[in-house]
Each structure stands twice: as structure tokens, then as C-alpha cells.
K.L.:
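Let me give you the structure first, and then I'll get to my questions.
Chain letters run A, B, ... following the sequence lines, proteins first, then strands; residues in each count from 1.
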Amino acid sequence: MYKLVTKRVLSDVSTLFEVEAPLVARKAKPGQFIILRIDEKGERIPLTIADSDPERGTVTIIFQEVGLTTKCLAKKEAGEYIADFVGPLGKPMEFPEHPGRIIAVGGGVGIAPIYPKVKGFYQAGMDVFSIIGARTKDFLILEDEMRLVSKELHVCTDDGSYGRHGFVSDVLQNFLADGEQIAEIIAVGPLPMMRAIVNQTRPYGVKTVVSLNPIMVDGTGMCGACRVTVAGKTKFTCVDGPVFDGHQVDFDELVARSRMYQTEEKQALGHCRCGCGGEK
Amino acid sequence: MEPNVTKKHPMEEQKAAERVKNFSEVPYGYNIDTAIAEAERCLECKKAPCRQGCPVEVDIPAFIGLIKEKKFGEGVFALKSKNNLPAICGRVCPQESQCESFCVRAKKGDSVAIGRLERFLADWELEHGVDVPALPVPTGKKVAVVGAGPAGLTCAGDLARMGHDVTIFEAFHMPGGVLVYGIPEFRLPKEIVRKEVDYIQRLGVKLRTNIVIGKTITIDELFSEEGFHAVFIGTGAGLPTFLGIPGENLLGVYSANEFLTRTNLMKAYLFPEYDTPIKVGKNVAVVGAGNVAMDSARTALRLGAENVYIVYRRSDKEMPARLEEIHHAEEEGVQFNLLTNPIKISGDENGWVKGIECVKMRLCEPDESGRCRPEPIEKSNFVFAVDTVVVAVGQTPNPLVPQTTAGLKTGRRGTIEADESGKTSRAGVWAGGDIVTGAATVINAMGAGKTAAKAMDEYLRSLPTA
Ligand SMILES: Cc1cc2nc3c(=O)[nH]c(=O)nc-3n(C[C@H](O)[C@H](O)[C@H](O)COP(=O)(O)OP(=O)(O)OC[C@H]3O[C@@H](n4cnc5c(N)ncnc54)[C@H](O)[C@@H]3O)c2cc1C
Ligand SMILES: Cc1cc2nc3c(=O)[nH]c(=O)nc-3n(C[C@H](O)[C@H](O)[C@H](O)COP(=O)(O)OP(=O)(O)OC[C@H]3O[C@@H](n4cnc5c(N)ncnc54)[C@H](O)[C@@H]3O)c2cc1C
Ligand code: SF4
Ligand code: FES
């Protein structure tokens, strides 16, 4: 059993937990993730390691409520326990080989997973220009944390309810156009957003990496659920990734595969055990 | 009445029509009378040729003799002095090619039903309460076992019985390895595995789940930080192999590992009571013809498929699955398409599988290795309309541990190199089971765990006491 040490509600749909997992905390590197299961009947779901504190033996996770497991997890309180928590899994992030600016783009659900990467660059002494955005103000999280580790932070919402009115890609376009050298762009968010970003940067020939979030089961290379085609070859996201060269990723396949259990995911909401009944 | 000497006593089992609708175990096991009657068939040969067919050297005539005398408790003791997991072996060992193939009775008729008798005794014990043998004085030596499959469990159990302080590290949330994530409930009830693991723990073995060695802790750290004196690696061969044909990433295509892990470990057959879903269409193609393929095919039927096709490129003689499993699959209505090779999976506009294109094969003359190489028959292509494909064409060792352990030698296929005792190129590190041999059997993995335990015990006793 793993103790949920602290809880912070970041927005209507986003929650942060610090989880007691000293062995994971000691090893965690930016870019890696964990897999957790709430209880004996639960599904194994992957979440990015947002932060870790080896001294206190805690690992921070931040997630958006999108389905049964994330909704039920959000109902937990500090002091409660979850059944399983394993990691750190996946490859740590790599640092760009070329000089120049690093631009981090986090959209919606991608803000949580991009934060540890920006922090990783920051701790390595690199300047990061960050852009975060969401549908509305309610989905925006981690603004203060991101500002602390970024050289510049740009915030936008699709509906203009906060920050700049527009898409993250609009802000990115300014960076692409201003002529400053870009070492790497890192984009994390919903699949359509990541696809849009890589299509946008492709003509500029700027290296653009994405952190993928396919369906997983074991997270150690044993099932193949997380397979994705990169540069024409099948890769397992859990061991070969989760970060890949975005220009090489087959997004059509990834989008299709993420819908494999759509019907079941809806059905599951009617059978939750935490009492939320799948409701907000 | 004169016992029927040429035939095994049949074991009652669920009727095929009924059992395809549930995940309950297929055979019921012998009752006491049948077990004694079957034991009577044993000639208690002096040389006991059957024993050479058992990789863990179970004293077969001894335990069968004790069944005859109705001394079941003593029988269990005789059995367990060599085999820590008899309820599992009695169910999944390929006895027909091991102990039973050497049985004198097999020369004229059926061998003694050694496997069924083993299962009978083990189940008798599980029902009547399991005794833990007296343990020796602790040696003060700490051993880490990586992986809680049959190899790791056996090695751990034996080392504990020798007085060592043993901890098993397991990546999954549950111990058992293939026994819990691969082999289905209807062949090996998970409750049986749980009880056998419980026995190992009662021997004093500690179990730490959710630890991926190589990620959470490395082998080096087991020595340097956790203070272990020796390590056994039993991480198995859990990496799925795909066919490398177009369309393999379409929706509805599973590796057998994912298909079985979702169903068994995550209990997707109980969805939505359990949260993990699985998707099985009306028509399912399973590629391959080993135990893994049979398990996948029979699982698909139970999950509601109407037609399940085994697609295999060689002929029936080459099918690697146990005869009993092929027989069960046939009874349940699995359709076998042999000498049939898949070449392409096609999908609909949403990316879902809609068909698997195959080509008919013929066998040519056997090559030097004695194997018949199949070759395609021109223009024999045809398409099965299916909505689910399960690829069951083999597993390979997980590279995680070798990749993160300097000085651990590996073979060409990613297996860890080890001598007969399981000793690897790293001092203090032993390995055994599928990680050394490639995908094999439960009993071979257990045998390797046992052999390694002996060698490790010698090594540990040679170390200076702290
Ligand atoms: C390596 C990795 C790291 C991840 N890190 C994070 C993280 O730090 N924070 C976080 O909130 N999520 C993260 N995810 C996604 C997270 O695992 C899923 O949101 C979660 O599994 C959903 O489970 P559920 O039972 O709540 O919803 P389900 O019922 O399984 O899914 C509900 C719906 O949400 C959709 N969905 C699932 N995943 C996502 C997603 N990532 N984005 C948008 N929609 C999705 C499904 O397709 C489905 O339509 C990560 C995924 C991976 C593979
Ligand atoms: C579907 C299926 C059906 C089968 N049917 C039969 C049968 O009927 N009869 C038979 O004799 N054999 C059968 N086999 C083969 C048999 O199950 C295997 O040969 C046997 O389980 C191998 O045992 P093992 O202990 O070497 O490995 P495994 O059983 O694979 O166990 C390895 C364990 O190590 C864990 N692990 C892996 N990497 C790490 C790591 N880095 N850190 C920590 N833990 C790790 C795994 O999670 C797993 O629990 C079958 C196999 C399959 C897949
Ligand atoms: S363990 Fe396997 S090989 Fe040995 S006696 Fe039992 S069934 Fe036969
Ligand atoms: S999640 Fe199973 S292989 Fe990646």
C-alpha cells in the first residue's frame, strides 16, 4: 500500500498528490512515469512523475479527470492509501545537442507532464521559453510553478477566459518566425494538439519532440499495448519512450488506437466503487 | 473387479458446451477412490524409470505408494520434499513427455496417471491445511530473488528451507509470473497459485511487489545498498514477438501477452466489476499453435467469440502445444487452419481489423535439422473475415536486467548465460528459468531454481560469517 501524503486540488478537473514511494523518489528522473492501481479491482494507469523528493521519499503526480480511474483517484484524500505504485518507468528525457532556445508547449492535460521536463532543463541551467494553454481558465494549472522554471511563460486559453485569447500554436508561431535559433521544441498535450504542433514546425526543420500517452498495461515492455509507429518502425512507448521525435510519429495510428476502448470506458463509469458514479 | 491395467482412470471434467461459457477449471481432479484405484496401477518398479523424466527428481513411486496406503499426509511430505509447487505442476506439467513417458506401463497402454495423482495429493493438502516444515537455524545470509515466477519461487522456497533470509522482488503487483498473468483461470485457478505462494511465504520468504529490478533498484544496488550476499535472476521470457506483417498495429490486434494479461492478471473477463476492459469480436484469429495460442483461443471463446481460428504455418505434427490442450481446444470448437501463413492484416476506415490474409503452405522435404520447412503455395491467398487477431508466436527474454547490470553475459537471443548450476558471469549472481533457456516449461524453470539454490547454498556457506 502506498500512502497519499498531501493533496492539492489545482482546478475543477485537476488534482495533485504527493505519494509516499521512497524507492521511486530516489530514482526518478524528469521524463519518467509511474503506473498505479487504486485497489484490487482497479486498472493500471500511467502518470508522469511531476516531481520527486528523495529526502521525504515522495513522488508527485498531477492528473486530469478523464475517466473512471482518474475520477475515483481525485476523490481520495490525503492520508488514504492506494494499492500499487511502480516506477520509475520509461527513459529519462534527453537534453538537446544543439545550442539555441528550448521551447516547451503544454496543452491541457499536457501541462502536468511538461512541467518536470521544463524543470529538468532549468536545473541543468538551460533557458526555456514556455507556452501553456487550455480550453478555458478552469483547465489551466501550474502557472506559478511553470513561471518559476521558465525564462518566459506565455499563457493562453481557447476562449480567452484567461491570458491570451488563442491557441498555443499561435504563440509558437511567433517564436518560429522571430529568427532566433531554436535547439528544440518539446510539446505535450492531447493528440490533436501534438499533431498540429509537429505539422506546424515541420517546414522549419526544427527538432520537435513529443511525449506520448497511449494505453498501457504493464509499462515494462511485456504486452505491446503501447505500441506506436515511429519512423516506420514499431516502438513500445513504455520502454522506448515516452518521448519521441514528433516528426517521425504516425499520429493517425495513435489517435485510432487511443479510441480502442471508448465504449468500455463509458460503461465503466457506471460501475465505479468510490461512489462518484462517474459524476463530477 | 480387476483394475483396468491398460487405461488411466479418466478424470471427470466440465462438458465442452458448458465450460466455454465460464472460466472455471475444466478437469475436476480425482476423488479419493479413483486416486487409490489409479495408484494401484503403479508397479512400484525398483528402478523407477519415471523418476529420470522429472526435472526436480520427485520420488514418484514413494508418493504413489503412500496414496495406496491412504497415507495422504505422508504422501504430500514425500512430494514436497522435492517439489514446492505440486498443485501447479500436477496441472500444467507436460507429463506425457516427462515422467509419464518413461513409465513401464506406457509400453503397453497408458502410463500411470502421475500428474493426476500429484494433483490429487496437492489438492488434498490444500483442503486439509498446509503444514510448514521445521526450518533450520538461520544462516544470517541474505539472498535476493528477482521475479516471482516458478523459477524464482522454487529457488526462494528451497533457500529458505536451507536457513537463508530470502526476499523476492517482483515487477508486477502480484506474484506468480506466467502462472498468474499467462495461464488462464480455467487451466490453473489463481487461488491455487495464491495458496502455493502463501506456502513459500510461510517458509519465511519475503515478497516485495511493484519493484522493477533495473529501474527501481539495480542488481548492483541489491549488493551494495541492500546488503544481499547473492542474487538469483528468474525474470522469464515475457517480451511479445510480433509477425512483422502489415496491419499489426490495427485496433483489435493483440499480442497473446496483452490478451492474456488483461484477462488473467487484470481480470478483464469480469469487466465491468473489474476496471480493465478487453475487446473480443465475433470472429477471432489466433496465430501460432503452442500452449500460448491454445490458451488464447480458448480464452477468446469464453469471452464470447463465435468463431475462433488457429492459424499455423506448419502441420499438426509440428504443433508445439500439449496434446491435452489441443484436444481441449478442439472439443470446445476451436477451428484449426494448419499450413496457413498470415501475410497481411487489413482494417476498416476506423482502423479496426476486418480481415487477415493468409497463404496456404506445403511442407517440403525435411532439412538437415530434420524440420520440414513450410513454403508458400502460389496464388493460394485467401482472407478470413475477423475482428480480433491474437499473435501468439513466441516470447523473448526481457532485456531490462542485462541492460542495467554490467558484466552480465548474455547470449544471442538475449538470454542470460549460465552454467549447469545457474551461475552467471557475475560473481554472486545466479539465473534460471526462461531468462536462461528462452520460453520453456514451468517444471524446467523450477528445476533450474532448485539447482541454483543448491549451488547458492554452497556459495553462501563458503562466505565468511559477518
Ligand atoms: C507515459 C504516460 C504519462 C501520462 N502522464 C499523465 C499525467 O501526468 N497526467 C495526466 O492527467 N494524464 C497522464 N497520462 C494519461 C493518463 O494515463 C490517462 O488519462 C488515464 O489512463 C485515464 O484513465 P481513466 O481510467 O481515468 O480514463 P479512461 O476511462 O481510461 O479514459 C477516458 C477517456 O479519456 C481518454 N484519455 C485517456 N488518456 C488520455 C490523455 N492522456 N489525454 C486525453 N484523453 C485521454 C481516453 O481515450 C478516453 O476517451 C499519461 C499517459 C502516459 C502513457
Ligand atoms: C500462456 C502460457 C501458457 C503456458 N502453458 C504452460 C504449460 O501448460 N505447461 C508448462 O510447463 N509451461 C507452460 N508455459 C511456459 C511456462 O509458463 C514458463 O516456462 C515458466 O513460467 C517460466 O518460469 P520463469 O520463472 O522462468 O518465468 P516467469 O513465469 O515468466 O516469471 C518471471 C517473473 O519475473 C518478473 N520480472 C520480469 N522482469 C522483472 C524485473 N526486471 N524485476 C522484477 N521482476 C521481474 C515477471 O513479472 C514475472 O513475474 C506457458 C507459458 C505461457 C505464456
Ligand atoms: S513434477 Fe512434473 S515431471 Fe515431476 S513427477 Fe510431477 S508431473 Fe512428473
Ligand atoms: S505497456 Fe505493455 S509493453 Fe508498454
Side-chain angles (χ1 to χ4, degrees), chain A residues 2 21 23-24 26-27 32 34-45 67-69 72 83-90 215 217-229 234 236 239 250 252-265 267-273, chain B residues 170-174 181-182 208-212 214-218 221 225-226 235-242 244 248-262 265-268 270-279 347 349-352 391 395-396 398-400 403:
Chain A
Y2 299 80
L23 291 175
V24 185
R26 206 175 55 165
K27 279 293 166 65
Q32 291 187 295
I34 56 90
I35 283 192
L36 64 77
R37 212 169 58 124
I38 298 182
D39 60 26
E40 281 313 307
K41 295 184 176 176
E43 190 170 11
R44 293 169 66 97
I45 68 152
L68 180 73
T69 309
C72 290
D84 302 294
F85 193 87
V86 58
L89 304 171
I215 294 165
V217 183
D218 61 298
T220 60
M222 287 170 64
C223 75
C226 62
R227 58 199 193 277
V228 46
T229 303
T234 295
F236 287 5
V239 287
D250 180 342
D252 290 344
E253 179 184 282
L254 207 55
V255 169
R257 285 184 66 79
S258 75
R259 298 197 181 124
M260 181 140 165
Y261 298 101
Q262 242 169 4
T263 332
E264 288 75 12
E265 283 156 1
Q267 193 189 345
L269 283 176
H271 290 80
C272 95
R273 292 176 299 284
Chain B
E170 168 57 45
F172 268 130
H173 54 262
M174 193 184 280
Y181 80 73
R208 292 175 67 183
T209 50
N210 292 325
I211 294 185
V212 185
K215 287 284 186 186
T216 320
I217 309 176
T218 61
E221 288 164 347
E225 291 178 22
E226 305 267 337
T235 47
L239 250 56
T241 309
F242 284 93
E248 258 183 323
N249 293 346
L250 288 165
L251 283 78
V253 182
Y254 285 101
S255 74
N257 267 15
E258 181 184 354
F259 192 71
L260 293 171
T261 302
R262 282 181 178 272
L265 183 73
M266 305 311 296
K267 303 228 183 296
L270 297 175
F271 178 87
E273 190 199 335
Y274 282 71
D275 296 345
T276 306
I278 190 152
K279 204 103 179 179
E349 63 287 353
N350 296 319
W352 276 96
V391 182
Q395 293 85 235
T396 56
N398 196 324
L400 239 172
Q403 271 171 5

K.L.:
Can you tell me which portion of B/Phe259 sits under 4.5 Å from chain A's heavy atoms? Options are side chain, backbone, both or neither.
P.N.:
neither

K.L.:
Is it the backbone or the side chain of B/Gln403 that comes under 4.5 Å from a heavy atom of chain A, or both, or neither?
P.N.:
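For B/Gln403, no heavy atom lies under 4.5 Å from chain A.
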
K.L.:
If you take all heavy atoms of A/Gln32 and A/Pro88, which pair is closest and at what distance?
P.N.:
OE1-CB, 3.5 Å

K.L.:
Would you mind telling me which of A/Ala21, A/Ala225, A/Gly224 has the largest number of heavy-atom pairs within less than 4.5 Å of chain B?
P.N.:
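Highest number of heavy-atom pairs under 4.5 Å: A/Ala225.
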
K.L.:
Given a strict heavy-atom distance threshold of 4.5 Å, which part of A/Ile45 is in contact with chain B: side chain, backbone, both, or neither?
P.N.:
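For A/Ile45, no heavy atom lies under 4.5 Å from chain B.
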
K.L.:
What's the spacing between A/Glu40 CD and B/His173 NE2 if we round to 0.5 Å?
P.N.:
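Here the interatomic distance stands at 7.0 Å.
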
K.L.:
Quick check for you: among B/Asn249, B/Val212, B/Asn398, which has the greatest number of heavy-atom pairs under 4.5 Å with chain A?
P.N.:
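The residue among B/Asn249, B/Val212, B/Asn398 with the greatest pair count is B/Asn249.
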
K.L.:
If you count heavy-atom pairs within less than 4.5 Å of chain B, which of A/Arg227, A/Arg37, A/Lys27 leads?
P.N.:
A/Arg227

K.L.:
Heavy-atom cut-off 4.5 Å, strictly under: side chain, backbone, both or neither for B/Gln395 against chain A?
P.N.:
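Contact with chain A involves no heavy atom of B/Gln395 at all.
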
K.L.:
Based on non-hydrogen pairs under 4.5 Å, which of B/Asn257, B/Leu270, B/Leu250 is most in contact with chain A?
P.N.:
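Of B/Asn257, B/Leu270, B/Leu250, B/Asn257 has the most heavy-atom pairs under 4.5 Å with chain A.
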
K.L.:
For the pair A/Arg44 (side chain) and A/Asp218 (backbone), establish whether a donor and an acceptor sit closer than 3.5 Å, ignoring hydrogens and angles.
P.N.:
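Yes; at least one donor-acceptor contact below 3.5 Å.
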
K.L.:
Spell out, as yes or no, whether a donor-acceptor pair under 3.5 Å connects the side chain of B/Lys267 to the backbone of B/Asp275.
P.N.:
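Not at all, since once roles are kept as given, no pair shorter than 3.5 Å links the two residues.
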
K.L.:
Identify which part of A/Tyr2 has an atom lying under 4.5 Å from any heavy atom of chain B, answering side chain, backbone, both or neither.
P.N.:
side chain

K.L.:
By a 4.5 Å heavy-atom criterion (distance strictly below it), what part of A/Ala83 contacts chain B: side chain, backbone, both, or neither?
P.N.:
backbone

K.L.:
Would you say A/Asp84 and B/Thr209 are linked by a side-chain donor-acceptor pair, where the criterion is simply a distance under 3.5 Å?
P.N.:
no

K.L.:
Please give me the minimum heavy-atom distance between B/Phe271 and A/Glu264, naming the atom from each residue.
P.N.:
CZ-O, 3.3 Å

K.L.:
A side-chain contact here means heavy atoms from C-beta on lying under 4.5 Å apart; do B/Pro240 and A/Phe236 qualify?
P.N.:
yes

K.L.:
Using the six-membered ring wherever Trp is involved, compare the ring planes of B/Phe172 and B/Tyr181 and label them parallel, tilted or perpendicular (cut-offs 30° and 60°).
P.N.:
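Answer is tilted, since the angle falls between 30° and 60°.
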
K.L.:
Is it the backbone or the side chain of B/Thr216 that comes under 4.5 Å from a heavy atom of chain A, or both, or neither?
P.N.:
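Both backbone and side chain.
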
K.L.:
Can you tell which part of B/Thr218 gets under 4.5 Å to a heavy atom of chain A, answering side chain, backbone, both or neither?
P.N.:
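Answer is both: backbone and side chain atoms of B/Thr218 are under 4.5 Å from chain A.
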
